[in-house]
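Everything on this sheet refers to the single structure shown next.
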Protein chains: 2
Amino acid sequence: MELSLKIKMNEKLFLRNPEESELGRKIIQHSIILIHKIGLEAFTFKKLAKEISTTEAGIYRYFENKHRLLIYIVEWYWSWQEYRLIFQTNNIKNAETRLKKAIRLISTPIEDDVTTSHINENLLYEIVMSEGAKSFLTKHVTEDNKAKLFKPYKDLCARIAGIILECNPKYKYPNSLSITVIEMAHSQNYYAKHLPSLTDFGNSKDESKIVSYLEDLVFSSIKV
Amino acid sequence: MELSLKIKMNEKLFLRNPEESELGRKIIQHSIILIHKIGLEAFTFKKLAKEISTTEAGIYRYFENKHRLLIYIVEWYWSWQEYRLIFQTNNIKNAETRLKKAIRLISTPIEDDVTTSHINENLLYEIVMSEGAKSFLTKHVTEDNKAKLFKPYKDLCARIAGIILECNPKYKYPNSLSITVIEMAHSQNYYAKHLPSLTDFGNSKDESKIVSYLEDLVFSSIKV
DNA sequence: TTTAATAAATAGTAATACTATCATTAAAAA
DNA sequence: TTTTTAATGATAGTATTACTATTTATTAAA
C-alpha cells in the first residue's frame with residue numbers, strides 16, 4: 001500500500017493551488033529548501049524562480065507574495081502536526097498518556113511517519129522554529145485571522161487544550177497552557193541551538209530534556 | 001529632584017550614539033512611534049527621515065540598518081525592565097513575593113515609574129510584543145549573540161531565573177521557566193488582542209488574568 | 001480548423017536599502 | 001581670532017526587491 005498524505009489548505013492562501021501542478025509542488029518543495037538555507041528575509045521569488053528554472057512571474061501566479069507563501073507552509077506544518085497527533089494518539093484511552101505523547105510529538109520533529117512526497121518535514125520544522133512566528137506578527141493579523149488563515153494552528157492548540165481538559169476538567173487555562181507548550185516546544189529548541197543561556201539544556205541538543213521540562217510544566221500546572 | 005534614566009547600550013548597536021544628540025534622540029523617539037504605527041515591515045529610514053525632517057543618509061549615520069535599530073530599542077526595553085525589576089523588588093526579603101512582583105511587572109506594562117525623556121514605554125511595550133522576537137529570529141543570531149547584542153534580554157532572564165532558584169534551589173529548569181514566563185507575558189497579551197482563541201482571556205484585555213495564569217504556571221512548577 | 005483559454009517569457013515600474021559626494025554650520029582647539 | 005574638526009544637510013546614484021502589464025507561445029475545446 002502506498003499512502004500519500006494530502007492536506008487541504010485554505011484557498012485564500014494561494015492564487016492557484018500549488019498541489020495541483022508539477023510547478024506548484026516544486027514551488028513548495030524548493031521554497032522550503034531555500035528559506036531554510038538563506039532565511040526568510042533574504043528569500044525572494046526571483047531566487048526561488050532561478051532554483052526551479054521558472055520565472056518570477058510564474059511564482060506570482062501561485063502566490064500573491066512571500067508572506068502568503070510563508071503562511072502556507074507554516075500552516076501546512078500545523079495541519080500535519082495535528083494529523084500526526086490524531087494518528088498517534090488514536091486508540092489511547094488514557095488522557096495523560098495522550099498528553100505526554102502530544103508533548104513529545106511537537107517537541108521532537110523527526111520520526112518520519114508518512115511519506116509526504118515533496119515536503120521535507122525536517123527542514124520545515126526548523127523553518128517553523130525560526131520563522132513561524134513571523135506569519136502572524138504583522139500589522140494585518142486581524143484580517144488574516146478573519147480569513148481563517150491560522151485555522152490549523154488554532155485547531156492544534158484547541159486539540160491539545162481538549163486533552164488538557166480531559167486530564168483535569170477544572171483547569172482554568174487550557175488554551176493558554178496549550179499554546180505555551182506548543183510555542184515553547186519550538187522556541188526552547190531554537191534557544192538551545194542559538195541562545196543557550198536562555199535555557200537549561202546547554203548545547204546538548206538533547207531534546208528529551210526539553211520534553212521533560214515541558215512535561216513537568218504541564219503536569220505540575222494541571223496537577224495530576 | 002529630577003531624575004533621568006540613561007541606559008548604556010552596547011556600542012556595536014549603533015554607528016553614532018543616538019543618546020548624545022538631539023537628532024539621535026529624535027530618531028529613537030520617532031522610530032518607536034512610527035514602528036508602532038505602521039509596523040516593522042513598512043517602516044523605512046526614508047519615512048522616518050521625513051517624520052523628523054532629516055534625510056535618509058542622516059539616519060544611516062546613526063544606525064547601520066533598521067534591524068540594528070530594532071535590536072537597539074528592543075534591548076533598551078529589556079534593560080529598562082531589568083532596572084524596574086531591581087528597583088521594585090529592592091528591600092523585599094521574601095523570594096516568592098519578589099517573583100510575584102517580577103511576573104506582574106513584565107506582564108503589565110504601564111505604571112510609569114520613571115521619566116525616561118523621549119521614550120514612550122507604552123508604545124515600546126507593544127512593539128516588543130509584536131516585533132521583539134524578530135530581533136533574534138534571523139540567520140545572523142549567532143554573530144549578533146557573539147557581539148553581545150542580546151545581553152539585556154539574557155540578563156533579565158538570568159535575574160528572574162535567580163529568583164526562581166531562591167524560591168526552590170532544587171528546581172531543574174530555572175532559565176527555561178524564566179524565559180517561558182517572559183515570552184508568555186508578551187505573547188499571551190498579543191494573542192488576547194489578536195488571536196483570542198489561543199488563550200483563555202477572551203478579548204477582555206484583563207491583564208490580571210494573564211498574571212494569574214503565569215503565577216499559577218510558575219508556582220505550580222516550582223512547587224512552593 | 002478556428003477559437004478560446006492557459007501558461008510562459010519579457011519587459012517595465014515604484015520603492016527599498018543602501019553608498020558616495022559635497023556644501024554648510026557650529027563647536028572646539030590653536 | 002582663526003583654524004580645524006565634527007556633525008548635519010542636500011543631492012544623486014545603484015542594485016535589488018516586489019510587484020504589474022504586455023506579449024507570445026501552447027494546449028484544449030468547439
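For the numbers below, each heavy atom of this structure counts, side chains included, while hydrogens, waters and symmetry mates do not. Keep in mind the model is a prediction, meaning the values are calculated, not measured. Chain letters run A, B, ... following the sequence lines, proteins first, then strands; residues in each count from 1.
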Next on the checklist: With a 4.0 Å limit, can you tell me whether A/Lys66 has a side-chain N or O closer than that to the phosphate oxygens OP1/OP2 of D/dT17?
Outcome noted: no
Item to check | Rounded (10°) bend between the five-pair end axes of the helix from C/dT1-D/dA30 to C/dA30-D/dT1 | outcome: 0°
Item to check | Any donor-acceptor pair under 3.5 Å from A/Lys47 side chain to A/Ile38 backbone | outcome: no
Next on the checklist: Measure OH/A/Tyr62 against P/D/dC19 and give the value in whole Å, please.
Outcome noted: 19 Å
Item to check | Spacing of B/Asn17 atom CG relative to D/dA7 atom P, expressed in whole Å | outcome: 11 Å
Checklist entry - Starting at CD of A/Glu22 and ending at C1' of C/dA8, how long is that distance when rounded to a whole Å? => result 16 Å
Next on the checklist: Does the plane of the ring in B/Phe136 sit parallel, tilted or perpendicular to the ring in A/Tyr190? Use 30° and 60° as the thresholds.
Outcome noted: tilted
Checklist entry - Separation of A/Lys46 atom NZ from C/dA8 atom P, in whole Å? => result 19 Å
Item to check | A/Tyr173 and B/Phe201 aromatic ring geometry - parallel, tilted or perpendicular at 30°/60° bounds | outcome: tilted
Checklist entry - Does a nitrogen or oxygen in the side chain of B/Ser21 sit under 4.0 Å from OP1 or OP2 of D/dT8? => result yes
Item to check | Protein-nucleotide distance (A/Phe45, atom CZ; D/dT20, atom C1'), rounded to Å | outcome: 14 Å
Checklist entry - Should the pair B/Phe45 and B/Phe43 be assigned to parallel (<30°), tilted (30 to 60°) or perpendicular (>60°) ring geometry? => result perpendicular
Next on the checklist: Can you confirm whether B/Ser197 sits close enough to A/Asn175 that some side-chain heavy atom of one is under 4.5 Å from a side-chain heavy atom of the other?
Outcome noted: no
Next on the checklist: What is the distance, to the nearest angstrom, from the CD atom on B/Glu41 to the P atom on C/dA15?
Outcome noted: 19 Å
Checklist outcome for this item: Contact check, residues 54-61 of chain A vs DNA chain D, heavy-atom distance under 4.0 Å, returns A/Glu56, A/Ala57, A/Tyr60
Next on the checklist: Under the criterion side chain to side chain contact (heavy atoms under 4.5 Å, CB included), I'd like the reasoning laid out for A/Gln188 against B/Thr180: C-alpha separation, chi angles, the key distance, then a yes or no.
Outcome noted: CA-CA 9 Å; A/Gln188 294 279 329; B/Thr180 299; 3.5 Å; yes
Item to check | Aromatic plane relationship, A/His186 with A/Tyr125 - under 30° parallel, 30 to 60° tilted, over 60° perpendicular | outcome: tilted
Next on the checklist: One thing to verify: whether A/Lys148 and A/Asp155 come together as a salt bridge, which I'm taking to mean a side-chain N less than 4.0 angstrom from a carboxylate O.
Outcome noted: no
Item to check | Rounded distance (Å) that lies between atom P of C/dT16 and atom CG of B/Leu48 | outcome: 13 Å
Checklist entry - What is the ring orientation for B/Tyr153 with B/Trp78, classed by angle as parallel under 30°, tilted 30 to 60°, or perpendicular over 60°? => result tilted
Checklist entry - What's the NZ-P distance between B/Lys50 and C/dT16, to the nearest Å? => result 11 Å
